[in-house]
Novice: 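One structure, as C-alpha cells, below. Some questions next.
First the proteins, then the strands, lettered A, B, ... as listed; each starts at 1. This is a predicted model, so every value here is computed, not measured.
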Protein chains: 2
Amino acid sequence: MKNITNIPYYLKSNDIKPSFQRMKIFDYLYKNKNHPTVEMIYKELSGIIPTLSKTTIYNTLKLFVKKNIVIIVNIEDNETRYDADVSTHGHFKCIKCKEIYDFLFDTENLKIQNLKGFQKDKIDLYIKGICKECLFSG
Amino acid sequence: MKNITNIPYYLKSNDIKPSFQRMKIFDYLYKNKNHPTVEMIYKELSGIIPTLSKTTIYNTLKLFVKKNIVIIVNIEDNETRYDADVSTHGHFKCIKCKEIYDFLFDTENLKIQNLKGFQKDKIDLYIKGICKECLFSG
DNA sequence: CATTTTGTTGTAATGATTATATTAATGTAA
DNA sequence: TTACATTAATATAATCATTACAACAAAATG
Ligand SMILES: [Mn+2]
Ligand SMILES: [Mn+2]
Ligand SMILES: [Zn+2]
Ligand SMILES: [Zn+2]
C-alpha cells in the first residue's frame, strides 16, 4: 500500500480538515493493519484521548470512506471493519485464529460471466478458511 | 442452480424437519431469487401465515445456513440477505436500482498471491457498479 | 396413554449505528 | 479586535437488527 509520511497533509490533500481526532484515528488505521472495528479503535484511542466519543469515530470513519481514503471490510456479517489500504486487494479470514490477512489477486484475468455491459466500480473478494499457522499448529 | 421439486424431501435429506413454517420460508427463498432480507420474507409470509414471528424466520435461516442449504449474501454492511442458491457464484449490486444480480466466475483460474498453504473453504465475490439497464436508461 | 423432545412464538435484552441537540473551535468580515 | 458564520466534537437519546429467554404447542417416543 501507499507510503504516507505526513498524515495532516494526506488528509488535506483529500479534502479533509486535519483535526486532532481525525489525525489520531487515521494514524491508528495506518499503523495497525489489523482491520479494526470501531470498538477496537475506541478501546485503544480513548486511553490517549479520554474525551473521545464513539460518535466521533463513526463520523470520522464515514467521512474517510466518503473521501475514499478508507474502505469497509465486510467479511463478517456481524462486524464492520475498516482499512486504510484502499488499493485493490482481497481479505482472508481464518476461522480458527480469527486473523484477517490481506492478499493480492489478478483482476485483469478474472473471468466473469453474465455481466456483459455492466459498469464495475468496486470489487470485493473475501475468502474464509484456515491459515497456514493454524493448519500446522492445530 | 439445483432444481428442487420436492421441498419437504429436500429439507429432510438435509437433516431438517420440514415444518410448515420452514417449508414456506424455503419455498419463498427458492421461488424468489431476489436475495431477500428477513424483513422482506416477513412482509410477504405474514400475509399467508398471520402468526409467523420474525424470531422464527431468524431461527429458520440460521438453521438453513448451518445445514448449508442457504448462504448469507453480505454485499451491503447494513443488511443481511439470504440465498437458496448455494452453488459458487458472485453477486453484483447496482447502486442505481439496488437490484442484486448473480454471476458466474472462474475459481480455477483465479490468481491469488500471498495465500500459499492456506486452506480456502469459502469464497465470496461482490461487485458494485451500475447495471446494463440503468446505464442505458439513465 | 404419559413423557420427552422439538418447534414456534412473544417479550425483553443487547449491541451497533444513527439522529439530534449542544458546545467548542475555527474562520472571516467589518 | 469584535461579531457572526461555519465546521467539528461531544453527549444523550433514539432506532433498528438480532439474540436470549421463557412459555406454549406440536410431535415423537415408548
Ligand atoms: Mn486490507
Ligand atoms: Mn445469488
Ligand atoms: Zn489462523
Ligand atoms: Zn440498475
Novice: Mind checking what makes salt bridge (charged side-chain N to carboxylate O under 4.0 Å, His left out) contact with B:Lys62, not counting sequence neighbours?
Specialist: none
Novice: For B:Asn114 and A:His89, what are the C-alpha separation, side-chain angles and deciding distance, and is it a side-chain hydrogen bond (donor to acceptor under 3.5 Å, both in side chains)?
Specialist: CA-CA 11 Å; B:Asn114 327 23; A:His89 65 286; over 6 Å; no
Novice: Rounded to whole angstroms, how far apart are CD1 on B:Ile72 and P on D:dA17?
Specialist: 16 Å
Novice: Which is more 5' along DNA chain C, the nucleotide nearest A:Tyr58 or the one nearest B:Lys54? Just name the residue.
Specialist: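 First, find each residue's nearest nucleotide; the 5'-ward one identifies B:Lys54.
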Novice: Could you go through the side chain to side chain contact (heavy atoms under 4.5 Å, CB included) check for A:Leu52 and A:Phe20 one step at a time?
Specialist: CA-CA 11 Å; A:Leu52 183 68; A:Phe20 182 68; over 6 Å; no
Novice: Answer yes if the ring centres of A:Phe26 and A:Tyr10 are under 6.0 angstrom apart, and no otherwise.
Specialist: yes
Novice: Working to the nearest 0.5 angstrom, can you tell me the gap between B:Lys122 NZ and B:Thr88 OG1?
Specialist: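 It is 9.5 Å, given to the nearest 0.5 Å.
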Novice: Just jot down the side chain to side chain contact (heavy atoms under 4.5 Å, CB included) partners of B:Lys67, sequence neighbours excluded, or say none.
Specialist: B:Asp15, B:Ile16, B:Leu63
Novice: What is the separation between atom CD1 on A:Ile57 and atom C1' on D:dA8, rounded to the nearest whole Å?
Specialist: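 Atom CD1 in A:Ile57 sits about 15 Å away from atom C1' in D:dA8.
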Novice: Nearest 0.5 angstrom please: A:Ile123 CD1 to B:Lys128 NZ, how far?
Specialist: 12.5 Å
Novice: Scan residues 73-81 of chain B against DNA chain C and write down, sorted by residue number, each residue with any heavy atom closer than 4.0 Å; if none is found, say none.
Specialist: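 DNA chain C contact set from residues 73-81 of chain B: none.
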Novice: So which atom in A:Cys131 and which in A:Cys94 form the shortest heavy-atom distance, rounded to 0.1 Å?
Specialist: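 What the structure gives for the nearest pair is N-SG, 3.4 Å.
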Novice: Can you list, by residue number, the residues of residues 24-49 of chain B that have a non-hydrogen atom closer than 4.0 angstrom to DNA chain C?
Specialist: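 When residues 24-49 of chain B is checked for heavy atoms under 4.0 Å from DNA chain C, there are no hits whatsoever.
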Novice: Excluding sequence neighbours, so at least two apart, what forms side chain to side chain contact (heavy atoms under 4.5 Å, CB included) with A:Glu79?
Specialist: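 Listed in chain order: A:Thr37, A:Glu76, A:Arg81, A:Lys93.
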Novice: Output one line per pair: protein atom, nucleotide atom from nucleotides 4-8 of chain C, and distance, for all N/O pairs under 3.5 Å.
Specialist:
from: C:dG7; atom 1: OP1; to: B:Arg22; atom 2: NH1; distance (Å): 2.8
from: C:dT8; atom 1: OP1; to: B:Ser19; atom 2: OG; distance (Å): 2.2
from: C:dT8; atom 1: OP1; to: B:Gln21; atom 2: OE1; distance (Å): 3.0
from: C:dT8; atom 1: O3'; to: B:Gln21; atom 2: NE2; distance (Å): 3.2

Novice: Does C:dT17 have OP1 or OP2 under 4.0 Å away from a side-chain N or O of A:Lys62?
Specialist: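 So the side chain of A:Lys62 is outside the cut-off, no N or O lying under 4.0 Å from OP1 or OP2 of C:dT17.
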Novice: When the aromatic ring centroids of A:Phe118 and B:Tyr101 are compared, is their separation below 6.0 Å?
Specialist: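 Here the rings of B:Tyr101 and A:Phe118 have centres that are less than 6.0 Å from each other.
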